[in-house]
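Working notes for the structure below.
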Amino acid sequence: MARQITLFDFTLKKEQNKDESRKEEIPHANINEERRKPKEWIKEAEEGKSYFLLQVDYDGKKSKAICKLYDKETKKIYILYDNTGHKPYFLTDIDPEKVNKIPKVVRDPSFDHLETVIKIDPYSGNKIKLTKIVVKDPLAVRRMRNSVPKAYEAHIKYFNNYIYDLGLIPGLPYVVKKGKLEQLRPELKGEEVDEIRKAFADSDEMTKEAVNDWIPIFESEVPDVKRVAIDIEVYTPIKGRIPDPEKAEFPIISISLAGNDGTKRVLVLLREDVNSQITKHDVIVETFKSERELIRRFFDIILDYPIILTFNGDDFDIPYIYYRALKLNFTPEEIPFDIINDEGKYLAGIHIDLYKFFFNRAIRNYAFEGKYNEYNLDAVATALLGMSKVKLDTLISFLDLDKLIEYNSRDAEITLKLTTFNNNLVWKLIILLARISKMGLEELTRTEVSTWIKNLYYWEHRRRNWLIPLKEEILTRSSQIKTAAIIKGKRYKGAVVIDPPAGVFFNVVVLDFASLYPSIIRNWNISYETVDVENCKNKEYVRDETGEVLHYICKDKPGITAVITGLLRDFRVKVYKKKAKSQNISEEQRSVYDVVQRAMKVFINATYGVFGAENFPLYAPAVAESVTAIGRYVITTTVNYCRSIGLQVLYGDTDSMFLWNPSKEKLEEIIKFVKGKFGLDLEVDKVYKFVAFSGLKKNYLGVYPDGKTDIKGMLAKKRNTPEFIKKEFNEVKQLVTTINSPDDIPKIRDQLEYKIKEIYEKLRHKGYNLDELAFRVMLSKPLESYTKNTPQHVKAALQLRSYGVMVLPRDIIMFVKVKSKDGVKPVQLAKLSEIDVDKYIDAVRSTFEQILKAFGINWGQFTTTSIDTFFNISKK
DNA sequence: GCGGACTGCTTACCT
DNA sequence: ACAGGTAAGCAGTCCGCG
């Protein structure tokens, strides 16, 4: 979590040799293996009742898969043990007789039996015979898979394998019939079905077939599952030391709970060391004389909830509670938590750590469009809810109980709200993502988008009875790369960026290709099993913008990636984006459809990228390279066409074109051209009153007719730019938005000049405070890992550490530039008087130059001579 | 011993 | 562990220089 380091963040310098002390501190460090949880935390599901499937797990004691189901009526979670006799297995391409001769397989105590199965080869479409090695427990697969020459589908987690084989979809409603789960389909109105049919009228047969299966995923109701957010506060005698959960050496002084059933509760420990007077609160406050009683009460309350939400609970709250409870002599059987692989497991239901979910890059960029760029609770809540944590000017340990209750309860409230705001947007998003990826909630919220996509594709392979190919088998076909990346260390060439002029241009229309890469994947039938494959009758060559042939695509049958991406894209564009804007339905319904289209966007946009990612199990560099090559070909051809009909293309990046004052007719002409030539949709994305280009790529200020602005890439936008520069730039921006025609520009030039002189003077006179002057840079890794050089923020962090402050990865280091050996000092240790003013003038200069250049002003014109003149005058 | 040209590292952005 | 492209600022190195 990105912490803001405050002056209170001190820790003992002796922390270093903590390894030895740690071992003694954990009395239960080795009992993980034999620790057992005989208590039945969850009841079994009943025959004939309907439930929502939330997750599938493996129960080691019963050696069975278990489904975790939610009942809307009782608001409780139930489990259903597997009744189909499903067992773990993997596949191999040798005959059963040969497998029988491998002792490491057939002599293993967990070996069960062999079967011959028929699968379809994704490349040829032919049926192939394989031997299925069935075992009694999932760990046996790991032991055996290296004993056969080729082991297929041997790296899939058992519970996911179970989901694929039974065709389950987490997040959908099911009814228990004869002990098995049967999907309940939503009822659709006739016109809704018609609308969907229409959207896929021109699609291939394979897609049409699949559409029916996807409808429940998008249309089934999302249940508002009962859940509670929790947050704990721990007493810390030493300033700023973050308590170590495994040691759990300090008492839990307060636990807050906020439920979507209206619960607002704080359990607080009465203490001698602070004022324990408690006045009125809008939450229920329960006080405890002993910490043990407090924790016991906490366990009692949460057992009513099927879902627990935390913010960073995997790394802090849950393990702290767990180890602290053990320390207070709770037996493991009394604690409804367990810590497995750095995850806090809630044994009576499901625990979702929202920190991990909001940190997920795909969620940040595609679902929330970069609305937050720091990932602590305060930053995310401020950006999404407009609500922040209670500000403190002292340590938690010193707060009187009234303030502690207020602080603690706010955190739980915010955490809950992160899932309930905008009609449960985030909750619905999580469920939609679970349905699309076919993953249980706990795994989904803790993994990145490549895992989601992998799971979606594995599930789809199994549905078609396709054999999931080995990584090597894909790479023998689609690993050839033909282009060189511009950036050192990258594997292949990416997108085109057109060099923009510097200047102010009025009436700029931005056209962009609607989901360019996904559309290319769909229209060109791109997939791992269609690019550069042997035995192909119907080939289409992939040419980039230079006309060079890079790869070929096989058109004999639809590619799985093209089908799935195309289906999601068409559902999104033709059905759900429209529904999200429809005036015929309620605001609440519209917001549901907006969530649906956002969830799709995540998968659609990330699909191209994963095929170029080495760790993705279906990694196929030729696939990724084909997509960008076709992208370059498409945009280059279109830009040339624009220019041929007399339009001025000012700028473009990947899939966009900035046109200067185009006529409606010509716009329509281009759109028609693109549709006809490529079958792609080109759309008017934005219309600017004017755009101020700095002359740099990915760097401009666009102003809309109503005065609203878009700033892209400019220094003034970057998080690490000091606040005072951002503030001053903002004022300049306000000035600039008032411009309505080229005639207004000279007046603005004078005002810009004056403004900069003002800043210059204020700097010289130390008119800004240290916080405003601070550069804020994130530490991306542990201090020791900066071995190649020592950047400034690392220097500042080192100073902090030698002063006794703990610094961790993802911390934001605030430092100022000073005239000293290092050239920097952390704000906490700096004085205003030692600021290196010249360095700040440089920073002001580079930030403002980006806008000045657009207005044709040269910094040197008025700074070197005229600023000095200005000062000579003002000094008089 | 020092400065300029250069490369590499790091961070933060854009699509 | 989705991708590549662009920019800024600094760290560090090499080279030349009586």
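Predicted, not measured: the structure shown is a model, and the values here were computed from it. Here is the naming used below: chain letters follow the sequence lines, and residue numbers restart at 1 for every chain.
- Heavy atoms of other residues, nucleotides or ligands lying less than 6.0 angstrom from NZ of A:Lys853 number 12 at most.
- One can place CD1 of A:Ile630 at 22 Å from P of B:dT15, the figure rounded to the nearest angstrom.
- Using a 4.0 Å heavy-atom criterion, one finds that A:Ala624 contacts no nucleic acid atom at all.
- Counting non-hydrogen atoms under 4.0 angstrom, A:Thr607 reaches nothing in the nucleic acid.
- A:Gly494 comes within contact range of the sugar-phosphate backbone alone, with a heavy-atom separation under 4.0 Å but no base atom that close.
- Residue A:Ser656 is classed as having no contact, given no heavy-atom separation below 4.0 Å to the nucleic acid.
- Set against C:dC10, B:dT11, C:dA8, the side chain of A:Gln850 has C:dA8 as its closest nucleotide.
- Summarising the geometry, the separation between NZ on A:Lys686 and C1' on B:dC14 is reported as 10 Å, rounded to the nearest angstrom.
- Of the residues A:Glu545, A:Glu548, A:Glu625, the one that meets the salt bridge (Lys or Arg N to Asp or Glu O under 4.0 Å) test with A:Lys493 is A:Glu545.
- At whole-Å resolution of the value, NZ in A:Lys717 and P in C:dA8 are 16 Å apart.
- Put simply, A:Lys795 has a side-chain N or O that comes within less than 4.0 Å of OP1 or OP2 on C:dA11.
- One atom, CG of A:Asn605, and another, P of B:dC14, lie 16 Å apart when rounded to the nearest Å.
- For A:Ala613, whose side chain is taken as the heavy atoms from C-beta onward, the closest listed nucleotide among B:dT10, C:dC2, C:dT6 is C:dC2.
- Nucleic acid contact for A:Tyr492: sugar-phosphate only, since backbone atoms but no base atoms lie under 4.0 Å from a heavy atom of the residue.
- The environment of A:Lys839 atom NZ is sparse: at most 12 non-hydrogen atoms of other residues, nucleotides or ligands sit within 6.0 angstrom.
- A:Thr790 comes within 4.0 angstrom of sugar-phosphate atoms only, judged by non-hydrogen atoms across all strands, and of no base.
- Nucleic acid contact class of A:Tyr700 (heavy atoms, under 4.0 Å, all strands): sugar-phosphate only.
- A donor-acceptor pair under 3.5 Å is formed between the side chain of A:Asp811 and the backbone N or O of A:Leu808.
- Among the nucleotides C:dG9, C:dA8, B:dT7, the one closest to the side chain of A:Leu696 is C:dA8.
- For A:Arg446, the side-chain hydrogen bond (donor to acceptor under 3.5 Å, both in side chains) test picks out A:Asp314, A:His351, with sequence neighbours left out.
- When the C1' atom of C:dA8 is taken as reference, atom CG of A:Asn699 falls 11 Å away, rounded to whole Å.
- Set against C:dC2, B:dA12, B:dT11, the side chain of A:Ser780 has B:dT11 as its closest nucleotide.
- Phosphate contact (OP1/OP2 of C:dC10, side-chain N/O of A:Lys817, threshold under 4.0 Å): present.
- Rounding to whole angstrom units, CG of residue A:Asn789 and C1' of B:dT7 are separated by 12 Å.
- Using a 4.0 Å heavy-atom cutoff across all strands shown, A:Lys712 reaches sugar-phosphate atoms only and no base atom.
- Residue A:His793 places no side-chain N or O under 4.0 Å from the OP1 or OP2 atom of B:dT10.
- Relative to the side chain of A:Asp655, the nucleotides C:dC2, C:dA3, B:dT15 differ in distance, and B:dT15 lies closest.
- A:Lys454 comes within 4.0 angstrom of no nucleic acid atom, judged by non-hydrogen atoms across all strands.
- Minimum atom distance to the side chain of A:Arg719 is reached by B:dA12, of the listed C:dC10, B:dA12, C:dT6.
- When atom types are taken as modelled, the side chain of A:Glu723 and the backbone of A:Leu773 share no donor-acceptor pair closer than 3.5 angstrom.
- Looking at heavy-atom distances under 4.0 Å, A:Ile487 makes contact with a base.
- Considering only side-chain atoms of A:Lys697, the nucleotide from C:dT6, B:dT10, C:dA3 that sits closest is C:dT6.
- Nucleotide B:dC14 holds its C1' atom 12 Å from the CZ atom of A:Arg361, rounded to whole Å.
- Within the nucleic acid shown, A:Phe611 has no heavy atom closer than 4.0 Å to any nucleic acid atom.
- No hydrogens or angles were tested; on distance alone, a donor-acceptor pair under 3.5 Å links the side chain of A:Tyr366 to the base of C:dC2.
- Under 4.0 angstrom from either OP1 or OP2 of C:dT6 there lies no side-chain N or O belonging to A:Lys698.
- In this structure, A:Lys781 and A:Thr654 both approach DNA chain B, and ranking their closest nucleotides by distance from the 5' end singles out A:Lys781.
- In this structure, the CD1 atom of A:Ile635 is 11 Å from the P atom of B:dT15, given to the nearest Å.
- A:Phe690 and A:Val736 get closest at one heavy-atom pair: CZ-O, 3.4 Å.
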